[in-house]
Student: 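Dropping the structure in here first, questions after.
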Amino acid sequence: LAEENHQDVAEASPVLPLPASVHSLIQYRIERLSAPAHSYIQAAAILGNPFNARPAQVMQGLNDEEAAALLAELQNYQVIEPLPDLANIQSYQFFHDKLAESILAAMPASLHSLLHKKAAQALESTRSIDPERQAAVLAEHWQSGGEIVKAFEYWLRAAENARHLFSLEQAEQAFQQAERLYQTSA
C-alpha cells in the first residue's frame, strides 16, 4: 500500500523546471564537449533516455569508428554511461535525467523539430524498434518533426495495436491524438 501511495504522489507531482544554476552547470559541462559530441548528444536527447546508439549514429551520419570515438568522449566526460548489452543493442543512459532535460531546453525549436524528423527516419531505417509495437514513439517523433501525415498514420497504428492488446485507455489516447492532428490539418 505504501508503494502504491508513493506512485500516486509521484504521478500527481508536477515536474518542476530546472533551476537556472543547475542548468548553467550542466551547460558548462556540455560546452566542454567537442562539436561532434555536442551534436551527437543532442540527437541522443531527442531519442530519449535511455537511448540506442545506432539511431543516434545514423541521425548524425557517422561511421562506426566516429560513433565509437564520440561515445568514448561522452563517457569520459560522464555525460552518458552504457547499459548492459541486451540482444547486441548498444544502449546508453544519461548520467542524470537533468542532463537530457537541459540539452533539450537549450535546443532551438528548429533544431528540435529537425532532430525529431531525423529520429523517426533513423528508427525506421535501422529497425531499432518494432514499428507495430512502438508506433506511438514513431508518431511522436513524426509529429514533433512536423510530418503530420506520417504522425497521423502512426497514431492510428498505435491505437489499433493498443486495442488489440485490450489496452483501451492507450487506444483511446492514440485515437484522440490522431483526431487532433486531423482537426488541425483540416
Side-chain angles (χ1 to χ4, degrees), residues 10 13-147 150-151 154 158:
S13 300
V15 176
L16 299 174
L18 196 60
S21 59
V22 175
H23 180 71
S24 296
L25 190 63
I26 291 170
Q27 286 308 305
Y28 173 75
R29 182 184 227 178
I30 299 301
E31 287 169 3
R32 294 180 14 214
L33 298 171
S34 68
H38 188 260
S39 293
Y40 186 95
I41 205 63
Q42 288 176 319
I46 288 289
L47 288 168
N49 193 25
F51 66 95
N52 179 329
R54 183 73 178 143
Q57 176 182 341
V58 169
M59 289 169 69
Q60 296 300 303
L62 303 170
N63 65 37
D64 291 343
E65 293 79 23
E66 292 167 330
L70 294 177
L71 288 167
E73 178 181 347
L74 293 167
Q75 289 176 72
N76 289 338
Y77 278 97
Q78 295 185 333
V79 176
I80 62 170
E81 61 186 345
L83 292 173
D85 190 8
L86 304 173
N88 259 351
I89 297 175
Q90 262 191 311
S91 293
Y92 293 83
Q93 66 183 4
F94 287 86
F95 258 76
H96 197 286
D97 287 339
K98 297 301 179 192
L99 280 166
E101 275 182 46
S102 184
I103 291 165
L104 291 171
M107 198 180 300
S110 58
L111 180 59
H112 197 267
S113 178
L114 175 66
L115 288 177
H116 272 291
K117 186 176 178 178
K118 282 185 165 189
Q121 291 168 337
L123 289 168
E124 284 183 341
S125 71
T126 61
R127 304 199 188 284
S128 297
I129 62 173
D130 179 350
E132 295 306 316
R133 291 185 26 218
Q134 300 278 320
V137 171
L138 286 163
E140 288 175 7
H141 283 302
W142 283 121
Q143 185 173 344
S144 295
E147 295 290 330
K150 285 190 176 201
Y154 273 109

Student: Find out whether S102 and Q27 are in side-chain contact, i.e. whether some heavy atom of one side chain is under 4.5 Å from a heavy atom of the other.
Tutor: yes
Student: Taking atom NZ of K98 and atom CD1 of I26, what is their separation to the nearest 0.5 Å?
Tutor: 8.5 Å
Student: Which atom pair, heavy atoms only, marks the closest approach of A100 to A45?
Tutor: O-CB, 4.2 Å
Student: Would you indicate whether the side-chain heavy atoms of N52 and L47 approach each other to under 4.5 Å?
Tutor: no
Student: Looking only at non-hydrogen atoms, find the nearest pair between P55 and A122 and report the distance.
Tutor: O-CB, 3.6 Å
Student: Nearest 0.5 Å please: distance from the CD atom of Q60 over to the NZ atom of K118.
Tutor: 6.0 Å
Student: State, with a plain yes or no, whether a side-chain heavy atom of V58 is found less than 4.5 Å away from one of S125.
Tutor: yes
Student: Which heavy atom of L138 sits nearest to which heavy atom of Y154, and what is that distance?
Tutor: CD1-CE2, 3.6 Å
Student: How long is the gap from CG on L71 to CD1 on I80, to the nearest 0.5 Å?
Tutor: 5.0 Å
Student: Are the side chain of N49 and the backbone of D97 linked by a donor-acceptor contact shorter than 3.5 Å?
Tutor: no
Student: Hey, could you give me the CG/CD1 distance between L33 and I103, rounded to the nearest 0.5 Å?
Tutor: 8.0 Å
Student: As an exercise, state the distance from CD1 of I46 to CG of L111, rounded to the nearest 0.5 Å.
Tutor: 7.0 Å
Student: At their closest point, which heavy atom of A53 faces which heavy atom of Y92, and how far apart are they?
Tutor: CB-CE1, 3.8 Å
Student: Would you call the rings of Y40 and F51 parallel, tilted or perpendicular, where under 30° means parallel and over 60° means perpendicular?
Tutor: perpendicular
Student: Indicate the atoms forming the closest heavy-atom contact of G145 with H116, along with that distance.
Tutor: N-CB, 3.7 Å
Student: For the residue pair R29 and L99, establish whether any side-chain heavy-atom pair is separated by less than 4.5 Å.
Tutor: yes
Student: Are side-chain heavy atoms of L115 and S144 found at a separation under 4.5 Å?
Tutor: no
Student: Roughly how far apart are H141 NE2 and E147 CD, rounded to 0.5 Å?
Tutor: 14.0 Å
Student: Would you call E66 and P36 a side-chain contact if the rule is heavy atoms closer than 4.5 Å?
Tutor: no
Student: Which atoms form the tightest heavy-atom contact between M59 and A43, and what is the distance?
Tutor: CE-CB, 3.7 Å
Student: Tell me, with the steps shown, if D64 and Q57 meet side chain to side chain contact (heavy atoms under 4.5 Å, CB included).
Tutor: CA-CA 8 Å; D64 291 343; Q57 176 182 341; 2.8 Å; yes
